[in-house]
Amino acid sequence: MERNLSDSTDNLLSVGSPNSSQPKKRQGYHHRTNKQTPKVLGTTVPATNFKPNPVASQKPPRQNRSQNQKPNQTIRLNPSKPQRTFVPKASNQNKLRIIPLGGCEEVGRNMTIFEYNQDIVILDMGLQFPEEDMPGIDYIIPNTEYLKGKEKNIRAVIFSHGHLDHIGASPILLEKLGYPLIVGRPLTLAMVKHKVEDYKKHDAKNLKTLMVQSLNDQFKFGNFTLKFFQMEHSIMDAVGVILETPQGTVIHPGDWTLERDNNNKPILDYSHLSKLKSPRILMLESLGAIDVRPSASHEVMKKNLEKLITEAPGRVIIGTFSSQIERISWIISQAEKLGKKVALDGYSMKMNIEIAKELGYIKAQKHTFIKIEEANGYPDDKLVIIATGAQGEGNAVLSRIITGAHRNIKIKKNDTVVLSSSIIPGNENTIQRLKDGLYRQCDNVIHGELMDIHVSGHGNRQDIVHMLQSIKPDYYIPVYAYYYMLKESGKIAKELKIAENHIIVPNNGSVIEFDQRGGFMSKETVNTDYVFVDGLGVGDVSNIVLRDRQMMSGEGMIVVIATMSRKDGKLLSSPDIISRGFIYMKENKEIVEDIRNQVKKIINDHNKSGQKMATDGEMIKEKLRNNVGQFVFQKTKRRPMILPVVIEV
């Protein structure tokens with residue numbers, strides 16, 4: 001989360017302006033400090049390279065894009081035919097169109113399109129982790145079919161912060177859209193750069209970046225004026241976004257939380273947003289709409305963690321999100337004070353901490369860190385291990401430690417294992433299994449149900465009420481949560497006397513329009529079907545493929561191999577039967593023999609009917625698939641996938 005951000009001269013940016021001047025370089029700001037932000041991205045264009053607006057309150061002059069500005073490096077596709085809306089004889093001209101491509105029916109895949117005439121601004125490009133019924137899928141990304149043919153209209157992609165559900169799809173989608181300009185704070189841009197470089201070597205050089213160095217920075221992208229406001233979230237450099245357009249002012253905090261002081265008063269004041277130009281359109285992340293529990297404070301969390309680290313009889317193993325850089329930095333400083341060594345484990349953990357160190361966000365002594373391979377060479381009470389896997393992910397560090405698959409770390413009885421993270425909706429079962437595994441091997445397991453050792457990065461129901469009362473929006477669009485949570489958030493707004501027709505609860509693909517008549521949900525929708533990423537394949541796993549995987553994972557598979565004469569269609573040998581995930585063949589020989597006899601009967605009956613194999617090979621395969629499947633179901637009440645293989649000799 002961000003606090004005590006320094007101010008600097010207001011800047012109004014018109015991207016591509018040929019008359020841009022280069023005033024004296026301003027001082028940026030560091031998280032919680034006023035030190036200059038280190039510049040680590042070679043392709044970053046600092047905000048100070050553009051002409052400043054001397055009067056912050058003055059309406060900025062409209063500037064046209066330079067004739068010499070290079071277009072995005074992308075294939076020019078023909079624009080798709082415009083879809084009809086429910087407003088008769090109306091066009092999309094002079095309308096603000098808001099289109100969520102993800103994040104309104106799930107947790108993750110956050111991406112929203114803002115469109116005004118020929119100008120498009122995108123907020124976030126997040127991924128969604130697969131659900132339990134998606135075997136083999138690595139992750140899911142937003143469907144950008146709507147943007148096909150509109151790549152040249154994309155003025156900027158804004159990243160609100162660096163969590164994977166907001167930047168995780170960026171390597172794939174930025175390449176697909178021709179690498180449009182990206183905007184964000186230093187840590188966020190650095191994380192995007194590393195994601196792109198990890199996805200394809202040397203692709204980071206294609207990025208065109210614009211760094212937000214101050215909350216007072218303003219950027220002009222066609223009909224959009226982009227401004228920022230301070231936000232609190234569970235990752236450094238999170239920032240709230242304001243998009244001013246001729247038809248309305250969009251206020252979007254991204255993911256957010258509301259930290260309170262000892263008197264339960266919010267530390268940050270958002271009432272200044274209520275003074276923005278009307279109509280004010282608040283798009284509020286609503287993951288906490290059903291959470292009525294009081295939020296823990298950072299002060300309480302730090303006291304508890306300090307006590308655990310200080311009094312632990314042996315090693316301290318802390319599982320947390322790798323993006324919790326501020327918390328990890330604090331843990332490292334506490335370990336340093338106590339003379340303990342810190343070992344980081346997990347690829348994302350090491351990468352994020354290295355980025356934060358380069359930016360100056362973590363200032364620990366070099367000798368504090370040791371490699372995980374060296375951990376066994378230090379006394380247990382002098383060691384803190386910070387690792388990924390607090391959500392029970394199968395390949396993450398904690399899961400490998402529990403199963404004994406970790407090369408260097410084995411759980412000991414006197415270890416203190418701390419799960420300093422919240423439960424992401426959908427991960428309840430995996431986290432329960434993680435806890436069970438830890439409790440079997442360790443006597444000191446600490447989690448959020450026992451002690452306040454984690455502060456959520458998401459506002460609860462009471463916080464949503466406070467935000468609505470502070471900002472006083474004219475229109476309210478709850479986003480970034482499951483649909484039922486969005487509906488609950490909408491109910492909160494209704495209870496606060498926001499007009500019902502000014503509360504718009506979207507689905508993924510909804511088209512929300514604002515013009516001189518006001519705001520409304522259009523009848524038009526855009527395609528937001530899942531785009532699955534499996535290994536190096538993007539979008540090549542269809543719903544049919546996924547259904548086949550589900551069937552094989554649920555009921556297994558039987559392969560029937562029949563070798564037949566090309567001349568007369570007769571069997572040349574006894575059919576081979578192979579079972580995978582259906583039965584253990586050595587212990588079920590009777591069923592295997594019954595299936596083999598059934599295959600013989602099907603082929604013999606086919607030959608008696610006068611239909612030769614040579615004339616219709618597919619027909620015999622279809623008969624084998626259907627008849628063997630029916631026979632197996634009668635015998636076992638199970639429906640494995642039947643895969644017939646016919647070899648003609």
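Counting heavy-atom neighbours within 6.0 Å of Arg580 CZ, excluding the residue itself, gives a total of 12 or less. Dense packing is recorded around NZ of Lys435, with more than 12 heavy atoms of other residues, nucleotides or ligands lying under 6.0 Å away. Other residues, nucleotides and ligands contribute only 12 or fewer heavy atoms inside 6.0 Å of the NZ atom of Lys601.
The shortest side-chain heavy-atom distance between Leu434 and Leu419 falls under the 4.5 Å cut-off.
Contact record, Asp124 with Met111: O-CG, 3.2 Å, taken as the closest heavy-atom pair. Minimum heavy-atom separation, Tyr480 to Thr112: OH-OG1, 4.2 Å. Across all their heavy atoms, Ala387 and Val397 have their closest contact at CB-CG1, 3.6 Å. Closest approach of Ser510 and Pro100 over heavy atoms only: O-CD, 3.2 Å. For the residue pair His233 and Ala238, the shortest heavy atom distance occurs at CB-CB, 3.8 Å. Across Lys410 and Gly404, no two heavy atoms sit closer than the pair NZ-O, 2.8 Å.
In this structure, the separation between CG on Leu173 and CD1 on Ile141 is 4.5 Å, given to the nearest 0.5 Å. Expressed to the nearest 0.5 Å, how far CZ of Arg440 lies from CD1 of Ile402 amounts to 10.0 Å. Atom CG of Leu287 sits about 9.5 Å away from atom CG of Leu486, to the nearest 0.5 Å. Taken to the nearest 0.5 Å, the CD1 atom of Ile99 stands 10.0 Å off from the CD1 atom of Ile122. With rounding to the nearest 0.5 Å, the separation of CD1 in Ile603 from CG in Leu624 is 5.5 Å. Here the straight-line distance linking atom CE of Met125 with atom NZ of Lys195 works out to 14.5 Å at 0.5 Å rounding.
Considering only residues two or more places apart in sequence or on other chains, Asp576 meets the salt bridge (Lys or Arg N to Asp or Glu O under 4.0 Å) condition with none of them. A search for salt bridge (Lys or Arg N to Asp or Glu O under 4.0 Å) contacts involving Lys413 returns Asp443, not counting sequence neighbours.
Defined by atom type and a distance below 3.5 Å, a donor-acceptor pair is missing between the side-chain atoms of His163 and Asp255. Side-chain contact, Asp203 with Tyr179: a donor N or O sits under 3.5 Å from an acceptor N or O. Looking at Gln432 and Asp436, their side chains do bring a donor and an acceptor atom within 3.5 Å of each other. Between His458 and Asp291, the side chains place no donor N or O within less than 3.5 Å of an acceptor N or O (distance only, hydrogens not considered).
Note: Tyr482 and Tyr484 have parallel aromatic rings, judged against thresholds of 30 and 60 degrees for the angle between ring planes.
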List the steps and the verdict of side-chain contact (heavy atoms from CB on, under 4.5 Å) for Glu175 and Tyr199.
CA-CA 11 Å; Glu175 179 186 35; Tyr199 180 68; 4.0 Å; yes

Before you tell me yes or no, could you show the steps for Asp198 and Tyr347 under side-chain contact (heavy atoms from CB on, under 4.5 Å), namely the whole-Å CA-CA distance, both residues' side-chain angles and the distance that decides it to 0.1 Å?
CA-CA 11 Å; Asp198 282 348; Tyr347 176 76; 2.6 Å; yes

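A salt bridge is defined here as a Lys NZ or Arg NE, NH1 or NH2 lying under 4.0 Å from an Asp or Glu carboxylate O, and Lys148 with Glu145 fails to meet this definition.
Screening residues 314-325 for salt bridge (charged side-chain N to carboxylate O under 4.0 Å, His left out) gives Arg315-Asp415 as the qualifying pairs, with residues at least two apart or on separate chains.
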